[in-house]
Amino acid sequence: MGRAPATAALTLMQWYIDGIMPRHDGESNEPMKSIPGMPYHWFSIVTLRGSPQETPTEICKQLAASFSAFSAPEFESKTFQFRGDSSSTPPLSLDNYLLDCDCIMYLKKIYFG
């Protein structure tokens, strides 16, 4: 697999994206299917806060605005909108969203570099 251009890494950091990983399906340790019977999976975007004061809702709104503002010659611009407010329901633990192996690798990355 080739390395992403430095500008792509900078853009991901500006968008607070730290990783994109398959979504845990909740029933087993398999990737969640977007449509039953199809090979497509749901993915989780793992973000990190830019500061302790930022809320998940603020990060998601910024992410949607950044995705909407993104344009490239080979990409047709779309409009993204954050529609879910998680402030009334606290997020669950990381292993509820990521596959077990991805969760372990991600926690190792965070705590040990």
Side-chain angles (χ1 to χ4, degrees):
M1 187 184 319
R3 291 183 60 95
T7 55
L10 179 60
T11 302
L12 291 177
M13 288 189 301
Q14 289 172 336
W15 291 348
Y16 304 109
I17 295 174
D18 194 59
I20 299 174
M21 301 174 185
R23 173 78 160 87
H24 193 280
D25 79 354
E27 300 294 322
S28 67
N29 190 37
E30 296 294 323
M32 181 185 286
K33 298 278 187 174
S34 58
I35 300 172
M38 297 295 287
Y40 310 110
H41 298 117
W42 282 105
F43 285 88
S44 296
I45 298 175
V46 180
T47 61
L48 296 177
R49 290 180 174 168
S51 74
Q53 293 77 28
E54 289 178 310
T55 66
T57 299
E58 291 170 336
I59 292 170
C60 290
K61 286 180 180 179
Q62 177 64 34
L63 190 57
S66 296
F67 281 1
S68 295
F70 179 78
S71 65
E74 65 277 356
F75 177 77
E76 181 182 336
S77 184
K78 303 282 185 194
T79 301
F80 294 85
Q81 180 181 9
F82 174 64
R83 292 186 280 170
D85 182 0
S86 62
S87 61
S88 62
T89 307
L92 300 172
S93 62
L94 191 60
D95 66 338
N96 188 69
Y97 302 102
L98 303 180
L99 300 175
D100 292 348
C101 61
D102 289 335
C103 187
I104 291 168
M105 288 185 334
Y106 191 75
L107 290 174
K108 182 178 176 184
K109 174 186 169 186
I110 293 297
Y111 288 104
F112 301 108

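Just so it is clear, the structure is predicted and the values come from calculations on it, not from any experiment.
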Before you tell me yes or no, could you show the steps for L63 and I17 under side-chain contact (heavy atoms from CB on, under 4.5 Å), namely the whole-Å CA-CA distance, both residues' side-chain angles and the distance that decides it to 0.1 Å?
CA-CA 9 Å; L63 190 57; I17 295 174; 3.9 Å; yes
Please name the pair of heavy atoms, one in P22 and one in F43, separated by the smallest distance, quoted to 0.1 Å.
N-CD2, 3.6 Å
Among N29, D102, N96, find the one that has a side chain to side chain contact (heavy atoms under 4.5 Å, CB included) with H24.
N29
Got a second to check how far K61's NZ is from T55's OG1, nearest 0.5 Å?
8.0 Å
Once you round to the nearest 0.5 Å, how far does CD of E54 lie from SG of C60?
11.0 Å
Joint hydrophobic cluster, F67 plus I20, side-chain heavy atoms closer than 4.5 Å
yes
Mind checking whether I45 and D18 have side chains closer than 4.5 Å, heavy atoms only?
no
Starting from L94, can I reach Y111 by hopping between I/L/V/M/F/W/Y residues whose side chains sit under 4.5 Å apart?
yes
Are R23 and H41 close enough, and set up right, to give a side-chain contact (heavy atoms from CB on, under 4.5 Å), and what steps lead you there?
CA-CA 7 Å; R23 173 78 160 87; H41 298 117; over 6 Å; no
Is a donor on one side and an acceptor on the other found under 3.5 Å between the side chain of S68 and the backbone of F80?
yes
Kindly determine whether L98 and V46 satisfy side-chain contact (heavy atoms from CB on, under 4.5 Å), including the steps that lead there.
CA-CA 9 Å; L98 303 180; V46 180; 4.2 Å; yes
Closest heavy-atom pair, Y106 versus M21, reported as atoms and distance to 0.1 Å, is CD1-CE, 3.4 Å
